[in-house]
Novice: 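Dumping the structure here so I can ask a few things about it.
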Amino acid sequence: KFMSFLRIVDHVPELEVCPLWYHSDLSRHAAEALLLSNGSDGSYLLRNSNEGPGCFALSVRAKDSVKHFHVMRKDSGYAFGFNEFASLQDFVNHFANQPLLGSDTGTLIVLKCPYPWRVEEPSIYESVRVHTAIQTGRTENDLVANAPSLGTKEGYLVKQGAIVKNWKQRWFTLNRYELKYFKDKMCEEPLRTLDLRACSAVQFDYSQDRVNCFCLVFPERTFYLCAKTGVEADEWIKILRWKLSQIRKGR
């Protein structure tokens, strides 16, 4: 009966069987695109990690972002968070109980629904009615593949006001090139959306009388934000800087 939750994976020698929600060849980028477009809050999948052979990642949809967690091989078993599992069967059985997962942001996610490796697709295709070249004389070398960089994050940060320099907690979400902040996590409409394509720098800030503070420099204003911990501030800075580097590369 348990085998119905598993599939044979010939090209992953360290595993004899894997859960049906193991996406062996899925990249971090593709996992985010898949879960954001076709998953729901609490959807998750297992994939290979870029940390090296035998390392895996659990990608989890949390509202409008996707979080990634390490799943490490330990001897013949697995280590995930504070738990260790003697076998793959124990690891998969753990997810049948809808575990509650928390990160440094304080966000709690109920792992409700594994995203299967194989999903039904319609065998329906559009008919071509128009097909003509707009430009001529170009070759394959002239084709430039381009897509917006993903990489999502969300969490509470304390933000300094623009006019009255008081500090208020706001819920922030990062998706593509947009950093939005809301009055609270439950609010649907953001108070403001910051376009990172106009941001010139992200860095730790020591000018404010607060710890774990960093700033985003825009032409019209510098935004000062504070995280709960130094680790969380460092995570925000790293992913925001990565976003800026992708923007400068034109991606």
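When a residue number appears, it is its place in the shown sequence, counting from 1.
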Novice: Roughly how far, to the nearest 0.5 Å, is CG of L179 from CG of L157?
Specialist: 8.0 Å
Novice: Is K153 salt-bridged to E235, going by a charged N under 4.0 Å from an acidic O?
Specialist: yes
Novice: If I take atom CG from residue L34 and atom OG from residue S27, how far apart are they, to the nearest 0.5 angstrom?
Specialist: 10.0 Å
Novice: Distance check, rounded to the nearest 0.5 Å: T222 atom OG1 versus Q203 atom CD?
Specialist: 8.5 Å
Novice: Relative to each other, are the rings of F172 and Y181 parallel, tilted or perpendicular (30° and 60° limits)?
Specialist: tilted
Novice: Is there a donor-acceptor contact under 3.5 Å from the side chain of K180 to the main chain of L191?
Specialist: no
Novice: Could you note down all residue pairs passing ring-ring contact (aromatic ring centres under 6.0 Å, His included) where residues 184-208 supplies at least one of them, sequence neighbours left out?
Specialist: none
Novice: Atom CG of L46 and atom CG of L20: how far apart are they, to the nearest 0.5 Å?
Specialist: 12.0 Å
Novice: Does any N or O in the side chain of S65 come within less than 3.5 Å of the main-chain N or O of T152, such that one atom is a donor and the other an acceptor?
Specialist: no
Novice: Main chain of A57, side chain of S49: is a donor-acceptor contact present, judged purely on distance under 3.5 Å?
Specialist: no
Novice: State whether the side chain of H23 and the backbone N or O of R118 hold a donor-acceptor pair below 3.5 Å, judged by distance alone.
Specialist: no
Novice: Assess whether side-chain contact (heavy atoms from CB on, under 4.5 Å) is satisfied between K67 and E154, documenting all intermediate values.
Specialist: CA-CA 9 Å; K67 300 180 182 296; E154 61 179 12; 3.7 Å; yes
Novice: Would you tell me whether N38 and Y115 have side-chain atoms, one donor and one acceptor, within less than 3.5 Å of each other?
Specialist: yes
Novice: Verify the ring-centre separation between F85 and F80: is it less than 6.0 angstrom?
Specialist: no
Novice: Indicate the ring-plane relationship of Y22 and F56, choosing parallel, tilted or perpendicular according to the 30° and 60° boundaries.
Specialist: perpendicular
Novice: Any chance you could lay out the side-chain contact (heavy atoms from CB on, under 4.5 Å) test for V202 and W236, step after step, and finish with the verdict?
Specialist: CA-CA 9 Å; V202 178; W236 275 106; over 6 Å; no
Novice: Is D41 reaching over with its side chain to a backbone N or O of K63, donor-acceptor style, under 3.5 angstrom?
Specialist: yes
Novice: Determine the minimum heavy-atom distance between L150 and H29, stating which atoms define it.
Specialist: CD1-O, 3.2 Å
Novice: Evaluate the criterion side-chain contact (heavy atoms from CB on, under 4.5 Å) for residue pair W117 and D25; output intermediate values, then yes/no.
Specialist: CA-CA 10 Å; W117 165 65; D25 298 325; over 6 Å; no
Novice: Same hydrophobic cluster for F214 and L194, using side-chain heavy-atom links shorter than 4.5 Å among ILVMFWY?
Specialist: yes
Novice: In Å, rounded to the nearest 0.5 Å, how long is the span from NE2 of H94 to OH of Y78?
Specialist: 14.5 Å
Novice: Checking side-chain contact (heavy atoms from CB on, under 4.5 Å) for the pair Y224/V158: CA distance, chi angles, key distance, verdict?
Specialist: CA-CA 8 Å; Y224 294 96; V158 179; over 6 Å; no
Novice: Main chain of C213, side chain of D205: is a donor-acceptor contact present, judged purely on distance under 3.5 Å?
Specialist: no
Novice: Are the side chain of R61 and the backbone of L35 linked by a donor-acceptor contact shorter than 3.5 Å?
Specialist: yes
Novice: Main chain of I247, side chain of R197: is a donor-acceptor contact present, judged purely on distance under 3.5 Å?
Specialist: no
Novice: Looking only at heavy atoms, what is the nearest atom pair of S200 and R248, with distance?
Specialist: O-NH2, 3.0 Å
Novice: Within the structure provided, determine whether E178 and R176 are in side-chain contact (heavy-atom separation under 4.5 Å).
Specialist: no
Novice: Once you round to the nearest 0.5 Å, how far does SG of C113 lie from CD of Q98?
Specialist: 9.0 Å
